[in-house]
Structure formats: C-alpha cells, structure tokens
Amino acid sequence: MPVEEFVAGWISGALGLVLGYPFDTVKGQREPSLPASSVLPTQVRLQTQTTYRGIVDCMVKTYRHESLLGFFKGMSFPIASIAVVNSVLFGIYSNTLLALTATSHQERRAQPPSYAHIFMAGCTGGFLQAYFLAPFDLIKVRLQNQTEPRAKPGSPPPRYRGPVHCAASIFQEEGPRGLFRGAWALTLRDTPTMGIYFITYECLCHQSTPEGQNPSSATVLVAGGFAGITSWVTATPLDVIKSRMQMAGLNQRAHRGVLDCIVSSARQEGLGVFFRGLTINSARAFPVNAVTFLSYEYLLHLWQ
Ligand SMILES: CN(C)C(=N)NCCC[C@H](N)C(=O)O
C-alpha cells in the first residue's frame, strides 16, 4: 500500500487547516440566547442557537471579546489530529482507487478512473476517516464554544482548560463512548460528501486538462476549491446536526438520536436551521481545499 499518499495527505491537511481555522471558529460561534445565569462556560455558538446578527457581528464580537486568539482557539489540537484524518482520507481514497482500477496516482492521468469508482473510493475514505475524526472534532467543537476571554480577572473560568483537559473531562464524565458523541451524524455527513468532494475535483481537473497531462497548479487550485465548496454545501445540514449532537447535554437538550435532533431542530427553528453556517462553510472551503489539493498534488509529483 503506497504510503506517500498518506504522508502527502497529512501535510496538505495541516496546511489547509491553519488557513481555514478562523472561518471554522466563527462558524461555530453564537452569542448565547439563554439567560446568563443558565449559560454554562461552554456557551453554544452559531450553528446551535439563534441570536447573532450574522458572521460579521460574530467576528467583531469574537475579536473584541477574545482578541485574534479567539479565532484560533483550540487549534493546537486539530493541527495534528485533522492532519492525521486528512491523511487517512487521501490515503484510503487513493489506495481504494488502486484496488478498484489497478492504477497508481500518476497512472490515473493517462487512464482516468470512472466516476463510479471515484465516488466509491471517496465514500470509503469519508467513512473511515470519520471514525478517526469523531473524538478530535468533538473536542474542537467543545473548545470553540467557550467564549470566555483568556484569564481576564472576574471572568468565569472556562469549563475546559485545553484539549487534553477537555478529552479527560469527557472521558471521566461520559466514559470512552462520550468521546464519540455525534460520531454517527459525522459519519452520515462525511461518507457521501467525500464522494462528492473527490468527484468534483477529478471532474473539474479532467475537464480542464489535455488528455494524459497533469493538471496545472491553477486548475488544481480551482478544482480543489470548488470541490471543497460542493462538499460543504451538501454537508452543512448534517454539520449543524452533528454540532448539536456534540453540544447536547451541556447546555442543549440531549437528543434521542440523529433523527430526533433533525425533527426537533426543524420543528423549533424551521428548515433554515439546516443551512446555518453555509456561507462561512463555503467561504472557508475554497481556500482550505485549494491549498490542500495543491500541496497534495505537489508533494506526490515531487516524490514520484
Ligand atoms: C464534511 N465535508 C464536506 C468535508 N469534510 N469535505 C471535505 C473537505 C475536507 C477538508 N479537510 C475541510 O475541512 O474542508
């Protein structure tokens, strides 16, 4: 099993993550609509409550309340973790294609796989990476949803002191299964959308590149960016549900399951709730995935 795709996936995932993290934090931010007395340290943010006036309002309040650091809260942890997850995604995708088509990454330029094979390989990568992503994503969401300014006198202490303390608290309070809270929604979100992710990328590259040649850097950037947008647009509804499942039990009503969360969210806030964060998801997705795919292709080209 060629390992260079895993290594290239790791490095490209880390690069994409740093670029996109401030967007991700704002997506997850919302002023608590609950009375102060009832708001726990882990205040819920954008995708799970109802009151900020919009993304700019979120960004202004985050900067004013928490300075620039507020946009990078909890990033130290995902750098290693999301990079590993991206490594699994790209490594499994490429090696599943190798198993389905008996062609290596380089050979696929001359012998492009079918879109069915690309979709199947993308879904396989999405399904398996979700298992690795779940605990890390839960910790990231819990940390991002803490709005207290760092160590300002008089401010309530945040519930979690950092990623390790967050993981230990969840493990202690909810057991090992607690670290996989929202994992089912995450798997449902990522499996089909990763198929869409890779189909979009490969289709746009194939349409814009002469037969048998490698796509140009500009093609890879644009194709990667649109692949990110397409996959996040289709993933946003379940992304909202996933976030709610992850915050359930803290200051959100615990749900009996994904379906219960979907029905209760729609009933209480209307169908528009499933598209909360869509704009910021899309704005973030283009640069993040453009850089992810460009660095991935560059590294594989360097090593092959
Ligand atoms: C949940 N969906 C839609 C995706 N993860 N799509 C693929 C993009 C992955 C990339 N690391 C990113 O964070 O944008």
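Worth saying up front: this structure is predicted, and the values here are computed from it rather than measured. Read the numbers this way: they start at 1 and go in the same order the structure lists the ligands and their atoms. Values reported hereafter were calculated over all heavy atoms of this structure, with side chains retained and with hydrogens, waters and symmetry mates removed.
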Any donor-acceptor pair under 3.5 Å from Thr236 side chain to Trp232 backbone: yes
Ring centers of Tyr296, His301 separated by less than 6.0 Å: no
Against heavy atoms of Asp190, which atoms of ligand 1 measure under 4.0 Å? 1 (C)
Ranking Tyr201, Trp232, Phe286 by closest non-hydrogen atom to atom 14 (O) of ligand 1, top hit is Trp232
With heavy atoms of Arg284 as the reference, note each atom of ligand 1 found under 4.0 Å away. 12 (C), 13 (O), 14 (O)
Please check if the distance between the ring centroids of Phe293 and Phe226 is under 6.0 Å. no
If you scan protein heavy atoms around atom 11 (N) of ligand 1, the nearest is Asn86 OD1, 3.8 Å
Do Glu173 and Arg142 meet the salt-bridge criterion of a basic N to acidic O distance under 4.0 Å? no
If only atom types and distance count, is the side chain of Ser264 paired as donor or acceptor with the main-chain N or O of Cys261 below 3.5 Å? yes
Compute the shortest N/O to N/O distance between Arg189 and ligand 1 and return yes if it is under 3.5 Å, no if not. no
Please report which non-hydrogen protein atom sits nearest to atom 5 (N) of ligand 1, along with the residue it belongs to and the distance in Å to one decimal place. Met194 CE, 3.2 Å
Salt-bridge criterion met for Glu297 and Arg108 (N-O under 4.0 Å): no
For atom 9 (C) of ligand 1, which protein heavy atom lies nearest, and how many Å away is it? Asn289 OD1, 3.7 Å
Would Ser231 count as a polar contact of ligand 1, with the cut-off being nitrogen or oxygen pairs under 3.5 Å? yes
